[in-house]
Engineer: 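The structure that follows is given in the form of structure tokens.
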Amino acid sequence: MVKELLAYVRPHRRVLLLGGLLSLIGSAAGLSMPLLAKYVVDAFGQGGSMAGPLTWLTVAVLIGAVVSAGEAT
């Protein structure tokens, strides 16, 4: 039974691996956003520079958006 299933999967393994990798990257970006937002709020509360935390938050949002757009097509 497993060998039959693998026979169907084998021609599509690159696409499946790419889909899994994109899903993992999108999830990591989505899960990192609240923590990065906390860093932005902490920097604002301490009166420090918010450039670094805002940059990383922007990068995470853009990565999440690009991956989500790529998965939708």
Side-chain angles (χ1 to χ4, degrees):
M1 174 124 176
V2 173
K3 288 183 181 182
E4 293 172 4
L5 181 62
L6 288 176
Y8 287 113
V9 170
R10 192 168 287 122
H12 307 286
R13 65 180 165 223
R14 286 187 179 150
V15 173
L16 290 171
L17 287 173
L18 180 63
L21 181 64
L22 287 175
S23 178
L24 184 65
I25 292 170
S27 295
L31 288 171
S32 69
M33 287 180 210
L35 181 62
L36 293 169
K38 177 196 174 296
Y39 291 149
V40 170
V41 171
D42 288 346
F44 180 74
Q46 294 172 355
S49 173
M50 295 189 329
L54 275 175
T55 301
W56 285 112
L57 181 58
T58 303
V59 167
V61 168
L62 289 175
I63 288 173
V66 167
V67 170
S68 293
E71 288 178 348
T73 57

Engineer: Quick one, V41 with F44, criterion side chain to side chain contact (heavy atoms under 4.5 Å, CB included). Give me CA distance, side-chain angles, the key distance, then yes/no.
Structural biologist: CA-CA 5 Å; V41 171; F44 180 74; 5.6 Å; no
Engineer: Among the clusters formed by ILVMFWY side chains lying less than 4.5 Å apart, do I25 and V61 turn up in the same one?
Structural biologist: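 The answer is no; the residues belong to distinct hydrophobic clusters.
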Engineer: Return the CG to CG distance between L36 and L31, rounded to the nearest 0.5 Å.
Structural biologist: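 It comes to 11.0 Å.
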Engineer: Supply the atom-to-atom distance T58 OG1 to M33 CE, rounded to the nearest 0.5 angstrom.
Structural biologist: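 Here the rounded value is 10.5 Å.
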Engineer: Quick check on the hydrophobic clustering: are L21 and I63 connected, directly or via other members, by side-chain heavy-atom contacts under 4.5 Å?
Structural biologist: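 Linked, L21 and I63 end up in one cluster.
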Engineer: Is a side-chain N or O of S27 found less than 3.5 angstrom from the main chain of S23, in a donor-acceptor match?
Structural biologist: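 The answer is yes, because a donor-acceptor pair under 3.5 Å joins these two groups.
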Engineer: What distance separates H12 NE2 from L16 CG, expressed to the nearest 0.5 Å?
Structural biologist: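 The CG atom of L16 is 8.0 Å from NE2 of H12, to the nearest 0.5 Å.
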Engineer: Return the CE to CG distance between M50 and D42, rounded to the nearest 0.5 Å.
Structural biologist: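 Answer for the CE-CG pair, M50 versus D42, is 11.5 Å.
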Engineer: If you compare all heavy atoms of V40 against all heavy atoms of L57, which two are closest, and at what distance to 0.1 Å?
Structural biologist: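 It is CG2-CD2, 4.1 Å.
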Engineer: Is it true that a side-chain atom of S32 and a backbone atom of A29 form a donor plus acceptor pair closer than 3.5 Å?
Structural biologist: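 Side chain of S32 to backbone of A29: a pair is present.
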Engineer: Measure across A43 and S49 and return the closest heavy-atom pair with its distance rounded to 0.1 Å.
Structural biologist: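 For A43 and S49, the tightest heavy-atom pair comes out as CB-O, 3.7 Å.
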Engineer: Can you tell me how far the CE atom of M1 sits from the CG atom of L6, to the nearest 0.5 Å?
Structural biologist: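 The CG atom of L6 is 11.5 Å from CE of M1, to the nearest 0.5 Å.
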